[in-house]
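We number each residue from 1, following the sequence as shown. Since the structure is predicted, the reported quantities are computational estimates derived from the model, not experimental observations.
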Amino acid sequence: MNNYKKSRIRESLMHRVELTQENFAFFKIAPNDLLQETILPSYDFHILRPGVVCQECYSFNTYVEAQTTFCESCGGIEDAEETIKRHSEEFLLLFPEVPLTTARIYQWCDGSFSKQRIYRVLRKNYLKVGKTKAVQYQ
């Protein structure tokens, strides 16, 4: 895995992990180790915080209205489709072995977008594999 990919994963982890003593015990690392470039802790879906993260300040203090995602912390604005694409790419980066599905991105975004909207964005931007309930995207 190249250093760029490691740094992107580390950045996502730092914003999505609730930095508590229990989680550092789970990772089996010291808090300062998460900042070192050579260490990439093990993680799983359930320890990472789901939700929509602002692209500018990484705050979870966001909301979706019509076709736009707004950040209440910094005032950042992003097109909802771009937000879904960004979170889908983050999901694929963090969990390359897990199939990308509408239901998983719905869960990853903590229900901030409708499944229909997520389906349309995934269908437009990824290769559809399978049919009906078994559809995955690559």
Side-chain angles (χ1 to χ4, degrees):
M1 180 181 311
N2 66 33
N3 287 338
Y4 175 73
K5 191 172 182 180
K6 279 184 183 178
S7 69
R8 295 248 344 258
I9 290 172
R10 188 174 302 97
E11 183 178 306
S12 290
L13 289 175
M14 288 187 70
H15 298 296
R16 289 198 176 265
V17 172
E18 297 292 336
L19 297 179
T20 63
Q21 287 303 114
E22 297 83 41
N23 286 345
F24 285 118
F26 173 82
F27 283 140
K28 297 181 180 72
I29 60 170
N32 291 337
D33 289 345
L34 192 55
L35 301 175
Q36 292 182 14
E37 291 187 20
T38 56
I39 297 174
L40 193 57
S42 62
Y43 56 90
D44 69 13
F45 183 83
H46 302 290
I47 198 157
L48 300 181
R49 180 178 176 186
V52 175
V53 178
C54 174
Q55 70 174 345
E56 295 177 27
C57 71
Y58 301 103
S59 168
F60 281 92
N61 196 12
T62 60
Y63 66 95
V64 179
E65 193 173 288
Q67 303 294 321
T68 309
T69 304
F70 298 93
C71 177
E72 293 179 338
S73 296
C74 73
I77 299 173
E78 182 180 26
D79 180 69
E81 182 175 329
E82 291 301 316
T83 305
I84 294 169
K85 284 179 9 185
R86 185 168 51 84
H87 282 75
S88 299
E89 290 167 7
E90 178 187 43
F91 184 86
L92 285 172
L93 182 67
L94 292 172
F95 308 105
E97 71 287 346
V98 178
L100 181 64
T101 65
T102 300
R104 289 219 170 84
I105 298 304
Y106 180 80
Q107 191 177 20
W108 186 241
C109 292
D110 204 24
S112 296
F113 302 101
S114 70
K115 288 183 179 180
Q116 182 65 33
R117 178 180 274 180
I118 294 169
Y119 164 76
R120 285 194 306 263
V121 171
L122 293 179
R123 184 184 66 196
K124 180 179 175 182
N125 294 285
Y126 295 93
L127 176 65
K128 182 178 170 183
V129 178
K131 294 184 180 185
T132 63
K133 289 194 180 273
V135 170
Q136 299 175 9
Y137 297 91
Q138 297 177 340

Original post:
Does the side chain of Tyr126 reach to within under 4.5 Å of the side chain of Gln138, using non-hydrogen atoms?
Top reply: no
**OP:** Starting from the C-alpha separation in whole Å, work towards a yes-or-no answer on side chain to side chain contact (heavy atoms under 4.5 Å, CB included) for Asn125 and Glu81.
**Re:** CA-CA 10 Å; Asn125 294 285; Glu81 182 175 329; 4.0 Å; yes
Original post:
Is any side-chain heavy atom of Leu48 closer than 4.5 Å to a side-chain heavy atom of Trp108?
Top reply: yes
**OP:** Please check if the side chain of Thr62 supplies one atom and the backbone of Val52 the other of a donor-acceptor pair under 3.5 Å.
**Re:** yes
Subject >> Ser73 and Cys54: CA distance, side-chain angles, deciding distance, side chain to side chain contact (heavy atoms under 4.5 Å, CB included) verdict >> reply: CA-CA 9 Å; Ser73 296; Cys54 174; over 6 Å; no
Original post:
What is the distance from atom CD1 of Ile84 to atom CG of Leu122, rounded to the nearest 0.5 Å?
Top reply: 7.5 Å
Original post:
Does the side chain to side chain contact (heavy atoms under 4.5 Å, CB included) test come out yes or no for His87 and Val53, once each step is laid out?
Top reply: CA-CA 8 Å; His87 282 75; Val53 178; 4.0 Å; yes
Subject >> Any residue meeting salt bridge (Lys or Arg N to Asp or Glu O under 4.0 Å) with Arg86, in chain and number order, not counting sequence neighbours >> reply: Glu78
**OP:** Give a yes or no on whether the backbone of Asp79 and the side-chain of Thr83 come within a donor-acceptor separation of less than 3.5 Å.
**Re:** yes
Subject >> Contact check, side chains of Ile105 and Phe113, non-hydrogen atoms, under 4.5 Å >> reply: no
**OP:** Check the surroundings of atom OH in Tyr106: do more than 12 heavy atoms from other residues, nucleotides or ligands lie under 6.0 Å from it?
**Re:** no
Original post:
So if you build clusters from Ile, Leu, Val, Met, Phe, Trp, Tyr with side-chain heavy-atom gaps below 4.5 Å, do Leu93 and Val98 land together?
Top reply: yes
Original post:
Under the side chain to side chain contact (heavy atoms under 4.5 Å, CB included) criterion, do Leu94 and Phe45 qualify, and how do the steps go?
Top reply: CA-CA 9 Å; Leu94 292 172; Phe45 183 83; over 6 Å; no
Subject >> Rounded distance (nearest 0.5 Å) linking atom CG of Leu92 with atom CD of Glu97 >> reply: 10.5 Å
**OP:** Pick out which of Gln136, Lys115, Arg123 makes a side chain to side chain contact (heavy atoms under 4.5 Å, CB included) with Thr102.
**Re:** Lys115
Original post:
Excluding sequence neighbours, so at least two apart, what forms salt bridge (Lys or Arg N to Asp or Glu O under 4.0 Å) with Lys131?
Top reply: none
Original post:
Could Arg104 and Phe91 be counted as a cation-pi pair, given that NZ or CZ must be under 6.0 Å from the ring centre and within 45° of the axis?
Top reply: no
**OP:** Determine, using the 4.5 Å side-chain heavy-atom cutoff (strictly less than), whether Ile118 and Val129 are members of one ILVMFWY cluster.
**Re:** no
Subject >> Exercise: identify the closest heavy-atom pair between Arg117 and Ala66 >> reply: NH2-O, 2.7 Å
